[in-house]
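What follows is a single structure, written as structure tokens, with notes after it.
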Amino acid sequence: MNKRNGVWIITLTLLFAVLLSGCGKSKGTDHHAATDADALEPIKVELQISPAEVAAGEPVKFEAKVTHQGENVDDAKEVMFEYWKDDTPEGEHNKEVVAGSGEGMYVLEKTFEEPGTYHVISHVTARDQHSMPSKEFTVK
């Protein structure tokens with residue numbers, strides 16, 4: 001074997017070793033590390049508004065129930081409720097970050113003084129994903 005062939009064999013062997021080491025993905029020590037199949041499963045966010053009929057001057061609750069693979073998500077990276085009245089310019093929407101209250105629930109309670117049509121979006125970031133369910137509601 002000549003010197004040139006030896007260099008090629010060593011180069012190909014090293015390249016093969018590098019490629020093989022990339023195939024054994026490490027999950028680290030994070031207990032929330034996901035396999036590739038888990039990563040394809042989206043987070044689920046159920047946005048609820050209660051009471052169903054909102055009266056001016058009375059409190060209303062926005063609740064985001066966050067789950068992933070059927071399990072409650074109590075450690076979302078961020079949950080923010082964005083709400084506004086119809087015809088409010090986008091830059092003037094109200095945005096409030098909330099902490100979890102357990103069992104996958106994230107809650108914001110507000111009181112609206114003005115009757116009208118309103119909108120709410122729950123921005124949820126969890127498990128390296130983002131979900132933004134929205135609802136419209138009327139304050140009477």
Side-chain angles (χ1 to χ4, degrees):
M1 170 164 70
N2 66 29
K3 190 175 184 179
R4 187 174 177 198
N5 285 344
V7 169
W8 275 108
I9 290 171
I10 291 171
T11 302
L12 289 174
T13 303
L14 289 172
L15 180 61
F16 186 69
V18 168
L19 289 173
L20 280 179
S21 69
C23 291
K25 296 178 182 172
S26 171
K27 293 183 185 175
T29 57
D30 180 5
H31 69 284
H32 291 295
T35 65
D36 288 340
D38 293 340
L40 296 176
E41 178 79 26
I43 59 172
K44 290 187 173 82
V45 180
E46 294 177 38
L47 176 61
Q48 297 295 321
I49 301 170
S50 61
E53 291 193 19
V54 181
E58 297 293 323
V60 60
K61 265 189 203 176
F62 303 130
E63 298 176 314
K65 170 78 171 176
V66 184
T67 59
H68 183 243
Q69 297 184 318
E71 305 266 333
N72 292 331
V73 174
D74 291 323
D75 62 346
K77 186 173 183 179
E78 181 179 68
V79 177
M80 176 180 60
F81 289 99
E82 177 180 3
Y83 55 92
W84 69 96
K85 188 175 180 191
D86 259 1
D87 300 326
T88 302
E90 188 171 337
E92 296 176 27
H93 292 185
N94 298 290
K95 297 177 183 178
E96 295 190 42
V97 174
V98 298
S101 57
E103 299 186 21
M105 295 299 293
Y106 297 82
V107 180
L108 175 65
E109 190 170 305
K110 296 303 298 179
T111 300
F112 297 90
E113 300 300 331
E114 272 186 60
T117 302
Y118 289 80
H119 305 270
V120 62
I121 299 175
S122 61
H123 297 269
V124 178
T125 303
R127 307 295 190 265
D128 295 325
Q129 300 176 45
H130 190 75
S131 180
M132 298 172 36
S134 63
K135 290 202 177 225
E136 181 179 282
F137 62 101
T138 302
V139 175
K140 296 181 180 193

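Atoms considered below: every heavy atom in the structure, side chains included; atoms not considered: hydrogens, waters and symmetry mates. Treat the numbers as computed from the prediction; the structure is a model and nothing was measured.
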Minimal non-hydrogen separation, Gly102 against Asp74, with atom names: C-OD1, 3.5 Å
Any residue meeting salt bridge (charged side-chain N to carboxylate O under 4.0 Å, His left out) with Lys85, in chain and number order, not counting sequence neighbours: Glu114
Non-hydrogen side-chain atoms of Glu90 and Trp84 separated by less than 4.5 Å: no
Nearest non-hydrogen partners of Thr111 and Pro59, listed with the distance: OG1-CA, 3.6 Å
Taking every non-hydrogen atom, the tightest pair across Tyr83 and Lys110: OH-CE, 3.0 Å
Note, Ile121 side chain near His119 side chain (heavy atom, < 4.5 Å): no
Flag if over 12 foreign heavy atoms under 6.0 Å of CG, Asp128: no
Atom pair OG (Ser122) and CG (Leu47), whose distance is rounded to the nearest 0.5 Å: 4.5 Å
Ala126 versus Ile43, closest heavy-atom pair with distance: O-CG2, 3.7 Å
Gln129 (side chain) donor-acceptor with Glu41 (main chain) under 3.5 angstrom: yes
Glu46 atom CD, neighbour heavy-atom count above 12 within 6.0 Å: no
Within 6.0 Å of CD in Glu103, more than 12 heavy atoms from elsewhere: no
Partners passing salt bridge (charged side-chain N to carboxylate O under 4.0 Å, His left out) against Lys95 (at least two apart in sequence or in another chain): none
Residues which pass salt bridge (charged side-chain N to carboxylate O under 4.0 Å, His left out) with Glu53, listed by chain and number, not counting sequence neighbours: none
Gap separating the CD atom of Glu58 from the CZ atom of Phe112, nearest 0.5 angstrom: 13.0 Å
Within-4.5 Å side-chain heavy-atom neighbours: Phe62 and Val98: no
Verify same cluster id: Val124, Ile49 (apolar side-chain graph, 4.5 Å): yes
Side chain proximity check, Tyr118 to Thr88, heavy atoms < 4.5 angstrom: no
Rounded distance [0.5 Å steps], OG1 in Thr67 versus CZ in Arg127: 10.0 Å
From Thr125 atom OG1 to His130 atom NE2, the distance as rounded to the nearest 0.5 Å: 4.5 Å
Atom pair NZ (Lys65) and OH (Tyr106), whose distance is rounded to the nearest 0.5 Å: 10.0 Å
Smallest separation among heavy atoms of Val45 and Ala64, with atom names: CG1-CB, 4.0 Å
NZ (Lys135) with more than 12 external heavy atoms under 6.0 Å: yes
His123 NE2 to Met132 CE distance, which is reported to the nearest 0.5 Å: 5.0 Å
